[in-house]
Amino acid sequence: RNRFIIGEKPCLAMYIGDDVSDEDAFKVLSKIKGLTVYVGAPSKSLPQAEYYLRDTEEVTVLLKKILELKEK
């Protein structure tokens, strides 16, 4: 129940957001072992995201790294 499946392969749900309105998604995914990333300076007002990135350029780097790992 805490895992997502695409076809026959397990996968990890990931949510990247940059706004207070993303807080609900961060809360839900934290309960089901999803990866949550807030884009912007870390803040006490957004404690639900497990990780943060400074800006969209860092998001691009993260996604490229994930693709590199997948290709290995």
Side-chain angles (χ1 to χ4, degrees):
R1 195 171 164 128
N2 289 345
R3 296 173 66 174
F4 294 92
I5 305 291
I6 295 178
E8 296 180 6
K9 296 182 179 184
C11 64
L12 175 68
M14 179 172 63
Y15 190 92
I16 301 172
D18 66 351
D19 192 81
V20 176
S21 64
D22 297 311
E23 189 71 3
D24 289 336
F26 293 149
K27 287 178 187 176
V28 169
L29 284 178
S30 70
K31 293 176 185 175
I32 59 172
K33 308 292 186 220
L35 177 67
T36 55
V37 181
Y38 177 72
V39 181
S43 168
K44 291 182 180 178
S45 65
L46 289 169
Q48 297 299 324
E50 188 173 5
Y51 301 98
Y52 80 94
L53 297 171
R54 287 181 284 211
D55 52 37
T56 55
E57 289 178 21
E58 286 192 351
V59 172
T60 301
V61 171
L62 172 66
L63 295 174
K64 285 181 180 180
K65 293 288 184 185
I66 291 170
L67 285 174
E68 288 174 12
L69 290 171
K70 185 180 182 297
E71 293 173 355
K72 289 184 178 182

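Computed from a prediction, not measured in an experiment: that's the story for all the values here. If you read the sequence from its start, that first residue is 1, and numbering goes on from there.
When every heavy atom of T36 is checked against every heavy atom of F26, the shortest pair comes out as CB-CD2, 3.5 Å. The shortest non-hydrogen separation linking S30 to Q48 is OG-OE1, 4.2 Å. D18 approaches Y38 most closely through the heavy-atom pair C-CE1, 3.6 Å. Looking at every heavy atom in both residues, Y15 comes nearest to D22 through OH-OD1, 2.7 Å.
Cluster annotation: Y51 is not connected to V61 through the hydrophobic network of ILVMFWY side chains, with a link wherever side-chain heavy atoms come within less than 4.5 Å.
The neighbour count for Y52 OH, taken as heavy atoms of other residues, nucleotides or ligands under 6.0 Å away, does not exceed 12.
Atoms CG and CG, from L35 and L62 in turn, are 7.0 Å apart once rounded to the nearest 0.5 Å.
For V59, the side-chain contact (heavy atoms from CB on, under 4.5 Å) test picks out I16, V39, L53, L63, with sequence neighbours left out.
The salt bridge (charged side-chain N to carboxylate O under 4.0 Å, His left out) pairs that include a residue from residues 57-68 are R54-E58, where partners are two or more places apart or lie in different chains.
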